[in-house]
Every structure is written in structure tokens, then in C-alpha cells.
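What follows is one structure encoded as C-alpha cells, with my remarks underneath.
Within every chain, numbering begins at 1; the chains are lettered A, B, ... in the order of the sequence lines, protein sequences first and strands thereafter.
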Amino acid sequence: DGGITQSPKYLFRKEGQNVTLSCEQNLNHDAMYWYRQDPGQGLRLIYYSQIVNDFQKGDIAEGYSVSREKKESFPLTVTSAQKNPTAFYLCASSFGGLADTYEQYFGPGTRLTVT
Amino acid sequence: GESVGLHLPTLSVQEGDNSIINCAYSNSASDYFIWYKQESGKGPQFIIDIRSNMDKRQGQRVTVLLNKTVKHLSLQIAATQPGDSAVYFCAENIKDWSNDYKLSFGAGTTVTVRA
């Protein structure tokens, strides 16, 4: 089956630790995205990547880092510099490059709790 | 700033009735809009999209209407069912400073279907 997978579904970490969230897609999409969702709020863009080995900061990139070494994979690291890391993290992907408009397909999400 | 927003955060609907979910946007240059459905603890799921050269688009039990004059988007769900209970987001495709297209999401409307 084609789709986007995120792992793990639930993640618990102690404050001060870095943590990496996995996102893999087998849809052959060029673009991938990371969003953060807080209770009762919409999605806010953290980072996005239109092609391999290139990525751009979104609206709330501080305290996060990403890499895009393979087309299928776009891991997100939540660093200890992120002041309020507890949230629901969503990965998405879409066709298209820099000037295209296509729907984004979302993964099931990872709920990160930092104590 | 430019953003996508929803008129009402919650909507309670009797099973079998039609639902109308509204969304206002402020970026007159936006040319692509999407409605997503998000069930509790899951990633958003694509419902329907519409481009700015259209006023109306229909899917299975859903219709999206776009009024560019007043920058208003709506999602109509016919014969609402219990499985339609979810949070509904509208998203607007915008071009950022680097000429990349990104989706900007509203805060969402929580739809509850009464039996």
C-alpha cells in the first residue's frame, strides 16, 4: 500500500533531550512537510522540502532541524532548544516542485510528550 | 497579516441534516483551496479541493463553494452521518518569500453529529 508512515505514534522524552521523529513516504512525492498541531489549533508549518538535499524553514522552525538525504525520508529532530516541544507532529507529502499546487497527503502523526 | 480562518469553532448537527462549514480567507492572490477532515488522534484526510477558476465543485456527499468576491469558502455535507464527526480545516495555497507554495491552515471547526 502506498502512503506516509510516521513512527512512533507516541513518544515520551525528558526535558533537555533531543528526539528524532521519523517520516517515510512511498508515494514518489517530491515535496515533504512537517507541521505541529497544538490542542484546538490548526496546523503550523515547521519545515518543508521541495527536493532532495534542500529544505526551507516554515513559520515556526526555531528549535527544530531536518534533513532530506533521500526522497522517501524527511526526519524531524526536536532539539532541547525548543521551548515547548509537547505537541502532535504531522508529516505530509505532495507532488510538485516550486511552482505547483497540489494536495498534501498526511501521515498518522506522532504525539510527543516532554516532561 | 494574511490568514485563513473559520467562522465558527464548533457545529452541532442532527444526523441526516445538511452541514455547512464556513471559511474566510484574506489573500486575494490565492488560487487553490483544500478542505481536510481530521478525526481524533489521526492525520488530516483530504476531502475536496477547488481552484480559483471555479465557483463550485462537488464530490460524494460534499460540495465546496468559492466566492472570490467576498473571499469566502464553504463546505457543504449532505445527509450528515455519525462518521462525519471530526474537525474540518480549510487550507489556502499561498506563495512565500522564496516563491514556494505552502498551505496555510485555519484553526478548524469541530463538527458533532447528534443521533
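- Of all the listed residues (B:Pro44, B:Gly43, B:Gly41), the one sharing the greatest number of non-hydrogen pairs under 4.5 Å with chain A is B:Pro44.
- Taken together through direct or relayed side-chain contacts under 4.5 Å among Ile, Leu, Val, Met, Phe, Trp and Tyr, A:Tyr35 and A:Ile60 form parts of separate hydrophobic clusters.
- Of the atoms belonging to B:Leu103, heavy atoms from both backbone and side chain fall under 4.5 Å from chain A.
- The contact between A:Gln104 and chain B is made by backbone and side chain atoms together, counting heavy-atom distances below 4.5 Å.
- Cation-pi geometry between A:Arg111 and A:Phe88 is met: under 6.0 angstrom from the ring centre, within 45 degrees of the axis.
- Using a 4.5 Å cut-off between heavy atoms, A:Gln6 does not touch chain B at all.
- Residue B:Gln38 touches chain A through its side chain alone, counting heavy-atom pairs closer than 4.5 Å.
- The backbone N or O of B:Gly83 sits nowhere less than 3.5 Å from a side-chain atom of B:Gln81 that would complete a donor-acceptor pair.
- A donor-acceptor pair is defined here as one N or O able to donate and one able to accept, closer than 3.5 Å; such a pair exists between the side chain of B:Arg61 and the backbone of B:Ala78.
- Heavy atoms of A:Leu43 lying under 4.5 Å from chain B belong to its backbone as well as its side chain.
- Around atom NZ of B:Lys71, more than 12 heavy atoms belonging to other residues, nucleotides or ligands sit under 6.0 Å away.
- Under the 6.0 Å cut-off for aromatic ring centres, A:Tyr64 and A:Tyr47 do not qualify, their centroids lying 6.0 Å or more apart.
- Most heavy-atom pairs under 4.5 Å with chain B: of the set A:Ser94, A:Pro108, A:Gly109, this distinction falls to A:Pro108.
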